[in-house]
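Some notes on the structure that comes next.
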Amino acid sequence: MMKGKKEESKNTANVAIYPGSFDPITYGHIDIVERALVIFDKVIIAIAENEEKRPLFSVEERLGMVKEIFKDTPNVIVDSFKGLLVNYVAKTNAKVSLRGLRATSDFEYEFHMASMNRSLSTRLDTLFMMTSKDYFFLSSRTVKEVARLGGAVEGLVPDLVVTRLREKFKLPVAKKKQIGWDD
Ligand code: ADP
């Protein structure tokens with residue numbers, strides 16, 4: 001018997017997993033998700049719970065921010081996972097792990113990870129998307145560094161993340177100061 005339309009679309013939905021630390025999420029990550037949604041029916045943002053990386057934000061805080069940012073995008077599912085990505089992927093119907101590539105410096109690490117994941121599970125393929133030119137130099141690490149030193153990160157991360165970074169580093173809310181020749 002033919003499968004019902006509903007069942008068929010459920011089983012054949014193209015789902016991609018976008019794993020990462022997202023500590024915190026930046027417009028570079030969001031750009032990848034938005035472009036992936038043109039290709040895939042669903043994107044699962046899977047936040048890695050890896051304490052060894054000594055994240056600035058707890059996994060709950062990261063989940064909260066990412067969920068809030070994508071609350072009006074039903075095709076994006078936000079989740080977290082511990083341990084091996086291949087084990088997490090096995091619990092979903094995703095066939096593709098999505099990763100972003102910035103400079104060639106990302107390549108070596110990503111190449112190793114993709115090869116390792118492929119040898120752990122032939123079910124999982126890694127798909128790379130090149131970053132948009134505006135986000136070439138954007139990383140969670142530099143955002144944290146700039147925010148920690150009190151620099152402006154508006155335009156690099158959503159407003160919610162700007163606020164959370166300020167709270168984390170106990171920085172005052174930015175006030176625009178008029179600087180004239182008399183100051
Ligand atoms: P991880 O710790 O797993 O590298 P990240 O949160 O730093 O997690 O990044 C998750 C993925 O998003 C990685 O594939 C990374 O290369 C990609 N990524 C991060 N920043 C950008 C950006 N500005 N443009 C495109 N891809 C990015």
Side-chain angles (χ1 to χ4, degrees), residues 15-40 42-70 73 75-89 92 94-121 124-148 151-162 164-165 168:
V15 182
I17 292 224
Y18 185 25
S21 309
F22 305 99
D23 183 42
I25 188 161
T26 70
Y27 279 131
H29 296 125
I30 293 170
D31 175 64
I32 296 280
V33 173
E34 283 173 351
R35 286 160 55 206
L37 283 173
V38 178
I39 307 166
F40 296 96
K42 236 177 224 168
V43 173
I44 303 173
I45 301 181
I47 303 177
E49 245 181 274
N50 187 351
E51 288 308 313
E52 261 169 40
K53 280 202 172 174
R54 304 181 118 267
L56 175 67
F57 293 100
S58 70
V59 74
E60 290 76 21
E61 289 171 323
R62 285 177 276 156
L63 268 170
M65 283 187 271
V66 182
K67 278 189 177 162
E68 178 63 27
I69 289 160
F70 288 100
T73 316
N75 294 353
V76 171
I77 293 162
V78 187
D79 197 9
S80 64
F81 72 101
K82 246 191 190 147
L84 285 176
L85 175 66
V86 288
N87 292 346
Y88 173 72
V89 172
T92 71
K95 298 177 199 84
V96 164
S97 160
L98 191 66
R99 297 286 289 176
L101 276 185
R102 282 158 297 184
T104 43
S105 52
D106 277 346
F107 182 79
E108 181 135 356
Y109 171 73
E110 293 292 342
F111 182 75
H112 282 272
M113 284 301 288
S115 312
M116 181 53 80
N117 283 332
R118 188 81 186 148
S119 72
L120 291 170
S121 164
L124 185 67
D125 236 316
T126 305
L127 186 86
F128 295 103
M129 286 184 89
M130 215 180 91
T131 183
S132 299
K133 66 171 180 10
D134 295 347
Y135 306 123
F136 216 81
F137 298 103
L138 181 52
S139 71
S140 301
R141 198 165 63 101
T142 46
V143 164
K144 282 183 281 193
E145 192 60 15
V146 172
R148 190 176 64 81
V153 288
E154 282 84 355
L156 304 178
V157 293
D159 291 348
L160 169 70
V161 179
V162 174
R164 292 286 178 277
L165 281 164
K168 215 23 122 185

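Counting convention: from 1, in listed order, for ligands and their atoms alike. Values reported hereafter were calculated over all heavy atoms of this structure, with side chains retained and with hydrogens, waters and symmetry mates removed.
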Checklist line | Nearest non-hydrogen protein atom, atom 9 (O) of ligand 1 | finding: H29 NE2, 3.5 Å
Next item on the list: For L138, counting its heavy atoms only, list the atoms of ligand 1 lying under 4.0 Å from any of them.
Entry: 20 (N), 21 (C), 22 (C), 23 (N)
Notebook entry, point to check: Do you see a donor-acceptor pair shorter than 3.5 Å between the side chains of Y88 and D79?
Noted result: yes
Margin query: Check this for me - ligand 1, K53, N or O atoms closer than 3.5 angstrom, yes or no?
Written below: yes
Check: Does any N or O atom in S21 lie less than 3.5 angstrom from one in ligand 1, N or O only?
Finding: yes
Notebook entry, point to check: Given that the side chain starts at C-beta and the backbone is N, CA, C, O, which of these parts of D23 lies under 4.0 Å from ligand 1, counting heavy atoms, or is it both or neither?
Noted result: neither
Notebook entry, point to check: Heavy atoms only: which of R99, R141, M130 is nearest to atom 4 (O) of ligand 1?
Noted result: R99
Next item on the list: Output the list of atoms in ligand 1 that are nearer than 4.0 Å to some heavy atom of E110, sorted by atom number.
Entry: 13 (C), 14 (O), 16 (O)
Note to self: With a 6.0 Å cut-off (strictly less than), is the heavy-atom count around NZ of K42, excluding the residue itself, greater than 12?
What the structure shows: no
Next item on the list: For the pair T73 (side chain) and V76 (backbone), establish whether a donor and an acceptor sit closer than 3.5 Å, ignoring hydrogens and angles.
Entry: no
Notebook entry, point to check: Are D23 and K144 ion-paired here, with the side-chain N under 4.0 Å from a carboxylate O?
Noted result: yes
Notebook entry, point to check: With distance as the sole criterion, is a donor-acceptor pair present between the side chains of S80 and R62 under 3.5 Å?
Noted result: no
Item checked: Flag, side chain of R99 to backbone of T126, donor-acceptor distance under 3.5 Å -> no
Check: Contact between Y18 and ligand 1, counting heavy atoms under 4.0 Å?
Finding: yes
Item checked: Carboxylate-amine/guanidinium contact D125 R118, below 4.0 Å -> yes
Notebook entry, point to check: What protein heavy atom sits nearest atom 24 (N) of ligand 1, and how far off is it?
Noted result: T131 OG1, 2.8 Å
Next item on the list: For atom 22 (C) of ligand 1, grab the closest protein heavy atom and report residue, atom and distance to one decimal in Å.
Entry: R102 CD, 3.5 Å
Note to self: Please check this pair: side chain of T142 against backbone of L138, looking for a donor-acceptor N/O pair closer than 3.5 Å.
What the structure shows: no
Next item on the list: Output the list of atoms in ligand 1 that are nearer than 4.0 Å to some heavy atom of F22, sorted by atom number.
Entry: 6 (O)
Item checked: Under 4.0 Å to a heavy atom of G100 - the qualifying atoms of ligand 1, by number -> 14 (O), 15 (C), 16 (O), 17 (C), 26 (N)
Check: Counting from 1, what ligand 1 atoms have a heavy atom of D106 closer than 4.0 Å?
Finding: 16 (O)
Item checked: Other residues, nucleotides, ligands: >12 heavy atoms within 6.0 Å of M113 CE -> no
